[in-house]
Amino acid sequence: MPERIEARRRSGLTPPQNKLYESYPSNDDERDRRFFLSVKNWSRIIIMMIAFAVLTVIVGGRKRDSSLVYPREIQIPVQRQIHKVRVRGEKGRLEISKEIVGLTSIPYICVTLDWWPEDKCDWGVCSWHRSTLSSLDLRQGSSDRQELTRALRALRPALLRVGGSLQDLVTYEVKRDKSAEFNECEPFIRNEADRIGYRGGCLHLWQFDALQDLALDADTSFIFGISGLHGRDRQADISGCAKCSTPPCEPCWTGVWRPEFGARELLKHAFKRAKQNRSALAAISLGNELCGVGGIAAHLPPEALARDFVTLATEIKAIWKNQDQSLFSKLAFPSIIRDRRPMIIGPDCQLPLDAIDTWNTRFLLAGADKALDALTYHLYWLGAGKEGHRMRRYLTDRQIRGQKKYNADDLSTKSDSLTWPLDRAFFARLKAFERVTRSSTSHSKLPLWVSESGGAYGSGAPNLTNTFISAFWYLDELAHMARYSVSLHCRQSLLGGNYALLRRENDHQLLPNPDFLATKLWANLMGSRVLDATILSDSSDTLLDARAYAHCRLAVNQNDLVVLIINSASRRALFIDVPPALTSLPAKRLEFHVSAPTTQVDGRPDIYENRVLLNGRQFSQVDDPLIPISVAAAKPLVINPLSYVFVIFQGAHWPTCRTSASFNFQ
């Protein structure tokens, strides 16, 4: 080795500076040199890989979808927090009809309180802690009473419905006729032999008074569901009423409904309060899902239930005598009700699609149409709450492109994308009930109410119907029901279950779930006159996969126009041009952008969160004010992914929205 180094020096070459190399004994210098360089290079590569991995962890680099284009950052001009998401943008235009396509009542919004005990559990989740008539403290001055009053006041104008599956088992602790035999007024007790899971149940007179006082404090009215099984006897050979999938079904109960088993005295007590101007009772329903194949506690035939409603109507008329009926358009205001006769509604069924026409038509023709003031039904079109994971794919990122015109009435196509996210069966049910209401012999058309709807039955779908994503079925359902002139829509529930608008934070405080804000915005802004609204592609007449709904504003100022736009796409913002007639308005438009909080990982909206943002600020209390942002009328609407917006066009003077506008809607 030294001889070779000396030779290199004599020839003018610089020897290697690496001492390890110099001292490495080898007979093949070239092989040794290549080996050293390879080891050196690999060391450098390994060091660089480790450094890159560490840098990636620190920076939290975001993996991007190469199939999408990210041309810009979309910003919604909010008051405090700017929500920035790098997404694809798409342009479209908004079209609004000048004709009324639907008509609802005022109020249109209704919320429910149920009867379930605290130990009620579904799909392994117990969600009814201190949330129903069985466990709430409704006495004057209690925290439950104060919190519920705040919530109902925030939703005005809205109704309160009291009822549910267990209402048919409840005994009333009131003065009764001496001729009637009664069981003791006992609380609910577990009964695993019966499908409904309980027996017993008791309504004390002070509880009934407390419900009325709660409604009066909140300046609203309430609907009360009475038992449809009082006076009937359970079939001797049946220990429990099993589910019936195909008719004919065993009714499980025999006999007829008899008002002397508690209902008569309860109604007399309600009338006594009405004469004292202390009544908030606007409507009475009889039974809860007792209808044939769709029944829970019983499977009664339509003719038997119709006779019961005729008996109820006779009883109410005898107690209220010649008093006028409640004014339905004024149901939300107890000061108007006073001693007016309450409406009779029913039958509160949830029937299979193929049974709706036949069962309800037989029910009305058997005499119920002469007793009823409104036909009611229940709707849980998402299915069972345990299928929440399956429901999620229906609520976001679905397509309705390629259609020249959005027509939910067209049920001939096999594709359900036309009616996304509401499936074809949803609209088939609506059309079936529309046919039924026209079959009445004593009314040109009975008003149709959805008296209970929570998306998913079985106490709702955990982490779906009580989180932000729930708005993507709920608002569409509200809007389409209004378009079909459904007069009233009751959300199950105000409190209790995994579909509740409120959640109990502690023993003394109730906080809003995301759908509470959606309900509050609708109740405060959307009027009774429904217009047709469509979002079309800016480049063609094909429909974008976003939905728009338009109403005249609530009676506060019917010259204004209110538009709801829902964007349930996860990676596409919308830039919507407003109709030319609305771009030259002198007043700025008001916008209420509703979104989910973003995740800390990638900044995307966390749609399975039970918190919600209004214009970038957290909506944390039921009575938080609805503060809009003001935008120049000519500017395009910008809607972020996975969000929705209510927009008020002030002073629009839309032809059918003018206060003096007259119309004849059938």
Side-chain angles (χ1 to χ4, degrees), residues 76-83 107-111 113 131 143-160 214 217-220 332 465-472 474-475 478 491 493-496 499-526 553-554 556-557 560 562 564-566 588-598 605-631 639-640 642-648 650:
I76 291 179
V78 300
Q79 290 189 340
R80 290 185 182 178
Q81 176 184 351
I82 301 297
H83 176 54
Y108 173 62
I109 294 295
C110 165
V111 292
L113 281 178
S131 56
S143 60
D144 288 346
R145 171 82 164 266
Q146 294 172 355
E147 291 293 294
L148 289 173
T149 300
R150 286 178 57 220
L152 288 171
R153 279 187 168 273
L155 295 178
R156 287 182 303 173
L159 264 73
L160 173 65
L214 168 65
D217 290 347
D219 194 23
T220 189
T465 50
N466 56 356
T467 60
F468 181 82
I469 192 176
S470 180
F472 296 143
Y474 178 45
L475 287 173
L478 280 176
R491 171 62 184 257
S493 64
L494 176 62
L495 180 63
Y499 35 36
L501 299 182
L502 301 172
R503 66 182 185 275
R504 187 173 288 281
E505 184 69 12
N506 50 51
D507 287 340
H508 305 290
Q509 189 176 25
L510 300 177
L511 298 183
N513 280 329
D515 277 354
F516 185 93
L517 177 57
T519 307
K520 182 175 180 177
L521 283 166
W522 187 290
N524 280 256
L525 302 179
M526 303 294 257
R553 193 177 179 184
L554 198 60
V556 175
N557 190 346
D560 295 350
V562 183
L564 164 64
I565 299 178
I566 303 172
K588 292 185 177 182
R589 67 173 184 257
L590 306 178
E591 299 182 0
F592 302 85
H593 291 266
V594 184
S595 58
T598 56
D606 185 0
I607 56 177
Y608 302 107
E609 172 65 63
N610 63 9
R611 294 176 297 128
V612 63
L613 305 180
L614 174 60
N615 289 331
R617 298 185 301 179
Q618 183 171 334
F619 183 83
S620 57
Q621 299 292 330
V622 295
D623 47 9
D624 280 354
L626 301 177
I627 303 177
I629 57 174
S630 300
V631 181
I639 304 97
N640 265 349
L642 297 174
S643 69
Y644 60 91
V645 59
F646 284 84
V647 184
I648 300 175
Q650 300 184 95

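What's counted below: heavy atoms across the whole structure, side chains too, no hydrogens, waters or symmetry copies.
L495 places none of its side-chain heavy atoms less than 4.5 Å from the side chain of D144.
Taken to the nearest 0.5 Å, the CG atom of L502 stands 12.0 Å off from the CG atom of N466. Here the CG-CZ distance, from L590 to R553, works out to 7.0 Å after rounding to the nearest 0.5 Å. Between I648 atom CD1 and M526 atom CE the span is 10.0 Å, to the nearest 0.5 Å.
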Quiz item: Taking it one step at a time, do S470 and Y499 satisfy side-chain hydrogen bond (donor to acceptor under 3.5 Å, both in side chains)?
Solution: CA-CA 9 Å; S470 180; Y499 35 36; over 6 Å; no
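Contacts of F646 classified as ring-ring contact (aromatic ring centres under 6.0 Å, His included), with partners at least two apart in sequence or in another chain: none. Residues satisfying the side chain to side chain donor-acceptor pair (under 3.5 Å) criterion with D623, sequence neighbours excluded, are R150. For D217, the side chain to side chain donor-acceptor pair (under 3.5 Å) partners two or more places apart in sequence, or in a different chain, are R145.
With hydrogens and angles ignored, the 3.5 Å screen pairs a side-chain donor or acceptor of K520 with a backbone N or O of V622. Listed for the Q650 side chain is no donor-acceptor partner under 3.5 Å among the backbone atoms of D560. Of the possible polar contacts, none joining the R617 side chain to the L614 backbone as a donor-acceptor pair under 3.5 Å is found. No donor-acceptor pair under 3.5 Å is formed between the side chain of D515 and the backbone N or O of L501. Side-chain atoms of R503 come within 3.5 Å of backbone N or O of N610 as a donor-acceptor pair.
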